[in-house]
Each structure stands twice: as structure tokens, then as C-alpha cells.
Amino acid sequence: MAIVPVPRRGWPGRGRGGRVGARAVRLALLLVASVVLGARPSSAQLRYEEPEWYLRVERGCRLFVQEYGRGRDTLVVLHGGWGAEHSYLLGAFEGLEDRFHLVFYDQRGSLRSPCPDSLISVDAHVADLERLRAELGLERVTLVGHSMGTRLAMMYLAAYPERVGGLVLLAPASLAPRPPERVDSALAARLGRDLQAFMSRPAVEAELRRAGLGPDSSRWSDEQRTVAWRIRFAGVNLYHVERWRMLEGGQVYYSRAAGEAAARSAPRDYDYTPALAAHRCPVWILQGDHDYGTLAVELQRRWVREVPNVRHVV
């Protein structure tokens, strides 16, 4: 696949940017390996750290931006949420600084990006991403989105198709709603039950017992309450809940107000499969076999059948 040169804002010692083709594939496979082999805690430090900076977007709202790496190709990373922040993703990208210029940012209203709730919406998130692309001097941007960050990536693609060079979607949110003509009602009903069963699986309670947390929570200390919260948080986000000590984030790292403001503004009737199918850019979907339960993979496969240019890796 040809690499189309794309200029980007230069830092001292950096080369020119490029559209990611095969490199995006290698990144995708490296990220898959990090999930399968077990990623290190997100406190791991990326090398070639540039000073963080703030992007002014609207009436006092500022986006915290952090850049790493000196590679010729730029990847803009979109964290999950809505209302979460970027630092939990850092460990998955450690070691890629020589190949890529990595750009992380907190979406408006998230931890390091102050903004009134009244100015938070999904349309504002899309506009912010376009403003960031322009500030970085990128003709086209390759986006790596995680969880709800994949929804932002797809919304940006629908709004600015000419500005997208590639997409890597990790543990993606749905490409479209679940109407009967797309997914049979029986599978849709099972999906909710399957997700609930995953979050309340016996391994979570077993880990609580292993931590010495008995059924009477009124006797727990504040430290024990925090441990219990972290184990249950891991039960939602990790298949191997016994690795809960490695999982960072949550609590003060998550802004419920920012998340709810974005969720209220999100369209209920959407379908991003036409935008994905119409675009020439490479699109990779990376999905764990237990992301959002065990049936979400089957649901994703049914959507992907309509988008022949999407590579779906489980």
C-alpha cells in the first residue's frame, strides 16, 4: 500500500508525517499482542515525551494534549468514556515511540480538560477533534479509538471523510442500533443478559473473598471499600479479574457530569456502516472475545458483513 506524504506540525528533530497504511496494521497486531499477553500497568512511561500543552476550543474550554514519539506517522488516540481520560491507554503504546508520533488528549470536560457541562456535546467533541487536526498541521489523521472513543472516530469520519487516513477501533461501540432487520430480537435480548452475567460472574465474588472482603460491607474500612470498588471495576473491564491491581483509572479519573452531558446529546438513530463502507481508508476493528460479554463478537460480525473494507480481528 502506498504511503501518501502528509505534512504535520514539526517539532525539533522530527521528520514529515505520512498516512498510515501497513503501519496501522502492524500497530493493530501489536495492540492485539499486548492484550493477549497482558499489558503492563498504564504507569509505564513512553519515551520521547514532549511538553504537554492546551488547545483552546471554545469560551474558556481547553483540551489537554500530550505528545510522544518521533516516528514519521501520526496517530491521534481517542480515549473511552464518555467522561474518561487518556492515561489508562499509555501502557498499550509503550515501545511504539520510534515508529509513531503519538497524540493523546483528554476530551472536553474530562479530567485535565476543563469545560462547563453546558458546553459538552458529541458534536462539540467532533469539532474539537477537527480543531486538533488543524492545529497539528495534518492533512489527514489516523485515529485509534477505544470503546466510546470509537464512536467519536466514526462520527468524525461521517463529518469529515476527506480528513481521515485510517481507523483502528479497539473494543468498539456499536456501528449502528439494533433494529430487527439488522439483528434478530432474540440475539438482542440475549446480549443484555450476557453482559450482565459477565459483570456479575463468580470470579468477581471469588476475588473479593480472596481480598478478605466478607459480605458485611458495613465493617469495611475506607481502604477496603476502595479495594472492593477496584475489583468490581476490574470485573467490568478485565476478563482476568485477578489482575485488578494492574488496572488504573476510575473514580476521580472519570467525570460523570461530562459523560452524562455527552450521552444526552448523542444521536439515538445512527448508522456508521455507510460512512465506513464508502471510505477508502483502511479500517481495523480489534475486539476481545469477552468485550461486552461473549455475544458482542457475533453482533459485530453481522455489522461488518456490510462493510467489506473493515478487517475484524478477534
Side-chain angles (χ1 to χ4, degrees), residues 55 57-64 76-89 104-132 143-160 167 169-179 182-183 188-189 191-196 198-200 229 232-237 247 249-273 275-276 285 287 291-293 295-296 299-300 303:
L55 176 67
V57 289
E58 179 186 8
R59 286 189 284 168
C61 297
R62 296 179 296 156
L63 303 186
F64 175 90
V76 175
V77 184
L78 308 177
H79 64 71
W82 313 103
E85 49 81 49
H86 79 275
S87 67
Y88 74 94
L89 286 165
F104 298 84
Y105 75 99
D106 285 1
Q107 295 156 25
R108 72 164 62 191
S110 290
L111 184 63
R112 304 167 188 85
S113 296
C115 187
D117 298 345
S118 60
L119 297 180
I120 297 173
S121 68
V122 293
D123 289 341
H125 286 321
V126 172
D128 289 347
L129 181 51
E130 169 59 9
R131 191 172 283 109
L132 176 62
L143 300 174
V144 181
H146 172 246
S147 190
M148 198 58 75
T150 66
R151 181 75 57 80
L152 176 55
M154 290 184 285
M155 292 179 69
Y156 182 83
L157 174 67
Y160 298 98
L167 295 177
L169 308 177
L170 311 174
S174 57
L175 306 184
R178 306 182 180 91
R182 189 182 298 271
V183 177
L191 186 71
R193 294 195 298 269
D194 182 62
L195 176 59
Q196 185 59 42
F198 175 75
M199 292 190 296
S200 59
W229 184 92
R232 293 193 177 104
F233 184 57
V236 176
N237 290 283
L247 186 64
Q251 296 210 12
V252 299
Y253 288 88
Y254 171 72
S255 170
R256 181 178 298 276
E260 291 176 348
R264 284 194 300 269
S265 67
R268 298 291 181 264
D269 183 19
Y270 61 90
D271 189 345
Y272 300 113
T273 52
L276 291 167
I285 291 179
Q287 186 176 22
D291 287 348
Y292 309 113
L295 294 177
L299 197 61
Q300 202 70 258
W303 281 320

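Side chain of Arg268 to main chain of Ala266: a donor-acceptor pair is present (N/O by atom type, distance under 3.5 Å, no hydrogens or angles).
You'll find the side chain of Tyr270 reaches within 4.5 Å of the side chain of Ser174, heavy atoms only. Considering only heavy atoms from C-beta on, Arg151 comes within 4.5 Å of Trp82 through its side chain.
In this structure, CG in Leu55 is found 7.5 Å from CG in Asp128, a value given to the nearest 0.5 Å. Summarising the geometry, atom OG belonging to Ser87 is positioned 7.5 Å from atom CG belonging to Asp106; distances are rounded to the nearest 0.5 Å. Between Leu63 atom CG and Arg112 atom CZ the span is 12.5 Å, to the nearest 0.5 Å. Taken from CZ in Arg193 to CG in Leu195, the straight-line distance is 12.5 Å, to the nearest 0.5 Å.
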* **CA sep, side-chain torsions, deciding dist, call: Ile120, His125, side chain to side chain contact (heavy atoms under 4.5 Å, CB included)** => CA-CA 8 Å; Ile120 297 173; His125 286 321; 4.1 Å; yes
* Audit row: Leu152, Val122, side chain to side chain contact (heavy atoms under 4.5 Å, CB included) steps and yes/no -> CA-CA 8 Å; Leu152 176 55; Val122 293; over 6 Å; no
* Test Val144 against Leu89 for side chain to side chain contact (heavy atoms under 4.5 Å, CB included), laying out the working first. => CA-CA 11 Å; Val144 181; Leu89 286 165; over 6 Å; no
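The heavy-atom pair separating Ala173 from Gln300 by the smallest distance is O-NE2, 4.4 Å. When all heavy atoms of Arg62 and Val57 are compared, the pair lying nearest together is N-CG2, 4.3 Å. The two residues Pro172 and Ile285 come nearest to each other via the heavy atoms CG-CG2, 3.6 Å. Closest approach of Ala84 and His79 over heavy atoms only: O-CE1, 2.9 Å. Nearest heavy-atom pair across Val126 and Tyr156 is O-CD1, 4.0 Å. Between Ser265 and Ala262 the shortest heavy-atom distance is OG-O, 2.8 Å.
With sequence neighbours excluded, the residues forming a side-chain contact (heavy atoms from CB on, under 4.5 Å) with Met154 are Thr150, Leu169, Leu175, Tyr272, Leu276, listed by chain and number. Contacts of Asp194 classified as side chain to side chain donor-acceptor pair (under 3.5 Å), with partners at least two apart in sequence or in another chain: Thr294.
Ion pairing of Glu58 with Arg108 is present here, as a side-chain N (NZ or NE/NH1/NH2) and a carboxylate O approach within less than 4.0 Å.
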Side-chain donor-acceptor contacts of residues 252-261 below 3.5 Å, not counting sequence neighbours, with atom names and distances?
from: Ser255; atom 1: OG; to: Ala258; atom 2: N; distance (Å): 3.1

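In this structure, a donor-acceptor pair under 3.5 Å is absent between the side chains of Tyr105 and Ser110. When only modelled atom types and interatomic distance are considered, Asp271 and Thr273 share a side-chain donor-acceptor pair under 3.5 Å.
Below 30°, between 30° and 60°, or above 60°: for Phe64 and His86 the angle between ring planes is below 30°, a parallel geometry.
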